[in-house]
Amino acid sequence: MENNLVIVESPAKAKTIKRFLGDDFIVKSSYGHIRDLSKKNLGIDVDNGFTPEYEIPADKKKVVSELKKLASQVKTVWLASDEDREGEAISWHLSEVLKLKESSYKRIVFHEITKDAIQNAIDNPRSIDLNLVNAQQARRILDRLVGFKLSPLLWKKIKPSLSAGRVQSVSVKLIVEREREINAFKSKSEYKVFGFFIINGISVKSELNKKFKTKQEAAVFLESLKEESFHVADLVKKPGKKSPAPPFTTSTLQQEAGRKLGMSVAQTMKFAQGLYENGHITYMRTDSVNLSSLAINTIKSEIVKSFGVEYSKVRQFQTKTKGAQEAHEAIRPTFVNAENIEMGKQEQRLYDLIWKRAVASQMSDAKIEKTILTVNNDKNNVSFITTGEIVSFDGFLKLYMESSDDETTEEKQSSLPNAKINDEAIVERVESFEKYDQPPYRYTEASLVKKMEELGIGRPSTYAPTISTIQQRDYVVKESRPPKIRVIGSLTLTKGNLTETKLDEKFGGEANKLFPTSMGVVVTDYLAGHFEEILDYNFTAQIEEKFDHIADGDVTWTDMIAKFYKGFNVKVEASLKEKENSKWERELGKHPQTGLPIILKIGKYGPYASVEGGEKPLYASLRKNQNIESITIEEVLDLFRLPRTLGEYEEDQVIVALGKYGPYVKNNGAFYALQKTDDPYTVSLERALEIIEEKKKNVKEAFSRSFDEMPGLKVLKGRYGPYISYEKKNYRIPKSLDPELITLDECKNIIEKKK
DNA sequence: CAGTGAGCGAGCTTCCGCTTGACTT
């Protein structure tokens, strides 16, 4: 019988640690938290010192009873949950739920999983830090108060089932505000000038150090170059260096996997989880860039072996993230000598990225030689400049280079000609292009995570779930949009000839970006209007400071919560008492025919445009990708053009409209989908009747069989092949059976088997 | 499943952080 029970948070960790400990130890996992506030109600006795009502969730009952049994059989229980606020609370809940006596348990911590670290922890046990536990209780209760008071307010004032919270509401606000910046952005253009020279036989493209506001000014400048000759005016060489990025944290892994591998935040975490469970990488939910000394040493010898000693540079990175708790190591391969692993394709790609990033972080700087070549003539008081960059020692670049969110990458010429001052620069041509400046970037999932991390909102374990939640609640949508085309001006001076052309330029295309929905806008405006403090980007940072005071023992957690709740609840109550619901309205303009105002609103069924007060009020729901805030008057008028009545057929009107599932024709209570090639705004009665007739014909020919003995059972052919429909459930028919000849007994068999 | 937009009302929804499976299509 073992004398010791060690409880950690994660089962994979338990497995690893078991190997380091002797036979006298049982190692088990709590699977995270084992208790939480009651789900049925607020779960907090607000009038009684904010007493929390804890309960064990249904899916944790099994784990808890197993731990209870084991705890009663051993001499010592070692509470080894993570060394952070949540981990301390997990240990405390365990000690309470397992009814551990002071003398029968010990609290231990380690933040790297190595034999030494674990032995060291066992040798230095401590007691549970109740101040830290109280800081966690304050965090938990504040989040519950905010979430469970604001959400019901939204149900009453805007729409049922909506949600609000300290993290999600601020995340949505980031998206809403960014969209507003983009809408308000007025793009300006300038004319950039590029010179194409030949210097000592080598072509050089260089940019003028001056831009022009208009095409005329650019043309005047190009004209003035006609008779001029150019020479090298300056050549400066500057040594520089580039250093590797630190190894991955959850946030940086999500960003790079998004940029380099095109993975969504949720996918990244799923594949990382797989790698972790199979023992290939360290824990994937971490905010630390720290590497264990064991890891640093093995990475070093791996680098020396593969690349040579000059490529090795030992680095210890500092975590700078706001509110980082550093309970774990950075994300790295567990066995650095395993350059490849055997798992799914996606897991392999992600592993490769993690491996390279971790190894590169311990490699030497790249040495860069930067060359700046300046060309001018003696007349114009301007210069053409080219920047060249030569990597004289690749260092970590041999392995890995971090990508950037910046979509416009400046082009740099790699090698420049050997030149001396006053060498001749022969002019091939000079070009000038109109260049528009860029509106702010829309967030991707990963760049939103980056921003959240900067603001200290959310934790590594919640980035991915939060991003899913705000999309599930229909506050935000991830979308791609095709680029639009604009005409830009262009001038070319070749051999003394100035020509002018117009070019098409694509712009504004988006791939997998986050857009706010109308609901996202309305909810954000409501919350920001009524609860400015909580929607403030610094709210989390400010309360985190207070949690720190609780953890330090300087503040009582109930005092802190009481103070917050007092002001907060006054606002909640006042908002509930307001007679009116959220009155989000926007007047877009006047209807061109009637002169009545076009109003945008959000109703029971979503966002819509209306013109009221005329003989016949006009209503139209917005389309899925249209937003209450950015829709134009033209688009609204287009919406009003449907439904159209085309005429009559079989004594009923033929109506064309746009539904949830696309454009359709309606006649005698039946719906007929339009083809992709049909335009609902222009489709004729003739074509509509064709569609109706065709569908009727198809229905007649549709395959269906039934048996007199069992009228509720039907054999049908669907999208996925033949199937049996019985009592509202569907059963697939195997390929070995012919649906035209199948017997009733065979059908019954299929249904039985499935059950 | 495709319309609608005033108001009533029963019973439901909801937070953030810590962890994994167990499910169906």
Side-chain angles (χ1 to χ4, degrees), chain A residues 8-14 29-37 39-44 57 59-60 62-63 81-82 84-91 93 136 139-156 159-169 171 269-270 273-274 276-277 283-285 325 327 457-466 469 472-473 534 540 581 599 601-610 612 617-621 642-643 655-666 669-674 680 719-720 729-730 732 754:
Chain A
V8 294
E9 292 183 34
S10 142
K13 197 169 170 181
S29 146
S30 73
Y31 293 81
H33 275 293
I34 52 146
R35 273 209 307 197
D36 193 15
L37 297 174
K39 249 191 162 70
K40 295 189 286 286
N41 43 45
L42 189 61
I44 302 160
D59 59 332
K60 288 292 164 64
K62 219 179 122 193
V63 193
S81 47
D82 296 345
D84 58 16
R85 201 161 62 200
E86 299 296 326
E88 203 65 19
I90 289 173
S91 277
H93 282 299
Q136 192 275 346
R139 198 281 304 156
R140 179 68 190 93
I141 282 164
L142 184 134
D143 281 338
R144 173 56 74 88
L145 288 171
V146 170
F148 274 38
K149 289 280 180 183
L150 292 189
S151 301
L153 185 60
L154 296 180
W155 306 341
K156 190 167 175 226
K159 203 183 116 166
S161 301
L162 293 174
S163 67
R166 173 177 58 82
V167 172
Q168 60 168 280
S169 297
S171 304
M269 293 313 283
K270 200 183 119 201
Q273 178 87 28
Y276 169 67
E277 283 171 9
Y283 197 56
M284 64 284 155
R285 291 186 276 263
Q325 310 240 340
I457 305 169
R459 302 277 309 128
S461 67
T462 60
Y463 294 138
T466 303
T469 301
Q472 267 167 25
R473 297 268 179 280
I534 288 168
T540 291
N581 290 347
I599 309 283
K601 283 191 239 184
I602 198 150
K604 257 197 291 193
Y605 313 105
Y608 66 100
S610 68
E612 284 164 350
L618 292 170
Y619 291 107
S621 285
L642 291 176
I655 294 165
V656 183
L658 201 63
K660 222 156 122 186
Y661 307 99
Y664 64 93
V665 183
K666 190 180 166 190
F671 298 92
Y672 308 88
L674 256 61
R719 261 200 302 170
Y720 309 114
K729 280 191 174 160
N730 297 336
R732 177 173 294 189
K754 185 94 182 241

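So that the names make sense, note that chain A is the first sequence line, chain B the second, and so on, each numbered from 1. Values in this document were obtained by computation on a predicted structure and should not be read as measured data.
Side-chain N/O atoms of A:Ser163 and base N/O atoms of B:dT14 include no donor-acceptor pair closer than 3.5 Å. A donor-acceptor contact under 3.5 angstrom links the side-chain atoms of A:Arg140 to the base of B:dC15. Below the 3.5 angstrom threshold, one finds a donor paired with an acceptor across the side chain of A:Arg139 and the base of B:dC16.
Using a 4.0 Å heavy-atom criterion, one finds that A:Tyr672 contacts no nucleic acid atom at all. The residue A:Asp82 sits close only to the backbone: its heavy atoms come under 4.0 Å of sugar-phosphate atoms, none of a base. Heavy atoms of A:Ser610 sit nowhere under 4.0 angstrom from any nucleic acid atom. Using a 4.0 Å heavy-atom criterion, one finds that A:Arg459 contacts the sugar-phosphate atoms exclusively. Among the heavy atoms of the strands, none lies under 4.0 Å from A:Gly87. Within the 4.0 angstrom heavy-atom criterion, only backbone atoms of the sugar-phosphate kind lie near A:Tyr276; the bases stay farther away. Nucleic acid contact for A:Ala164: sugar-phosphate only, since backbone atoms but no base atoms lie under 4.0 Å from a heavy atom of the residue. A:Val167 comes within contact range of the sugar-phosphate backbone alone, with a heavy-atom separation under 4.0 Å but no base atom that close. Heavy atoms of A:Pro11 sit under 4.0 angstrom from primed sugar atoms or phosphate atoms, though from no base atom. When heavy atoms are screened at a 4.0 angstrom cut-off, A:Gly165 is found touching the sugar-phosphate backbone but no base atom. Counting non-hydrogen atoms under 4.0 angstrom, A:Arg35 reaches nothing in the nucleic acid. Among the atoms of the strands shown, base atoms are found under 4.0 Å from some heavy atom of A:Gly606.
What separates CD1 of A:Ile457 from C1' of B:dC15 is a distance of 15 Å, to the nearest Å. Rounded to whole Å, atom C1' of B:dT20 lies 9 Å from atom CE of A:Met284. The NZ atom of A:Lys13 sits 15 Å away from the C1' atom of B:dT20 (whole-angstrom rounding). Following rounding to the nearest Å, A:Leu162 (CG) and B:dC12 (C1') show an atom-to-atom distance of 13 Å. Rounded to whole Å, the distance from CE on A:Met269 to C1' on B:dG17 is 13 Å. What separates CG of A:Asn41 from P of B:dT14 is a distance of 15 Å, to the nearest Å. Rounded to a whole Å, the NE2 atom of A:His33 is 13 Å from the P atom of B:dT20. The distance between atom NZ of A:Lys601 and atom P of B:dA6, rounded to the nearest whole Å, is 7 Å.
The two residues A:Ser171 and A:Thr466 come nearest to each other via the heavy atoms OG-CG2, 4.2 Å. Across all their heavy atoms, A:Glu86 and A:Gln136 have their closest contact at OE1-NE2, 2.9 Å. Closest approach of A:Ile90 to A:Ser30, counting heavy atoms only: CG2-OG, 3.9 Å. Residues A:Ser29 and A:Glu9 come closest through the heavy atom pair OG-O, 3.1 Å.
Ring-base stacking between A:Tyr608 and B:dG5 is satisfied, the centre separation being under 5.5 Å and the plane angle under 30°. Stacking here means ring centres nearer than 5.5 Å and ring planes tilted less than 30 degrees, and by that measure A:Phe671 does not stack onto B:dC1. B:dT14 has its base stacked against the ring of A:Phe148, the centroids being under 5.5 angstrom apart at an interplanar angle below 30°.
The CZ atom of A:Arg140 sits 4.0 Å away from atom CG of A:Asp36, with the distance rounded to the nearest 0.5 Å.
Applying side-chain hydrogen bond (donor to acceptor under 3.5 Å, both in side chains) to A:Ser10 and the options A:Tyr31, A:Tyr276, A:Tyr283 leaves one that passes, A:Tyr276.
For the pair A:Lys149 and A:Thr466, nearest-nucleotide mapping onto DNA chain B gives the more 5' position to A:Lys149. Comparing A:Thr462 and A:Ser151, the nucleotide of DNA chain B nearest to each residue sits closer to the 5' end for A:Ser151.
Nearest to the side chain of A:Lys60, among B:dC15, B:dC18, B:dT13, sits B:dC18. In this structure, the nucleotide among B:dT14, B:dT13, B:dT20 sitting nearest to the side chain of A:Arg285 is B:dT20.
Residue A:Ser10 has a polar side-chain atom (N or O) positioned under 4.0 Å from OP1 or OP2 of B:dT20. For the pair A:Gln136 and B:dG17, the criterion of a side-chain N or O lying under 4.0 Å from OP1 or OP2 is not met.
Between A:Lys13 and A:Asp82 a salt bridge is recorded (basic side-chain N to carboxylate O distance below 4.0 Å).
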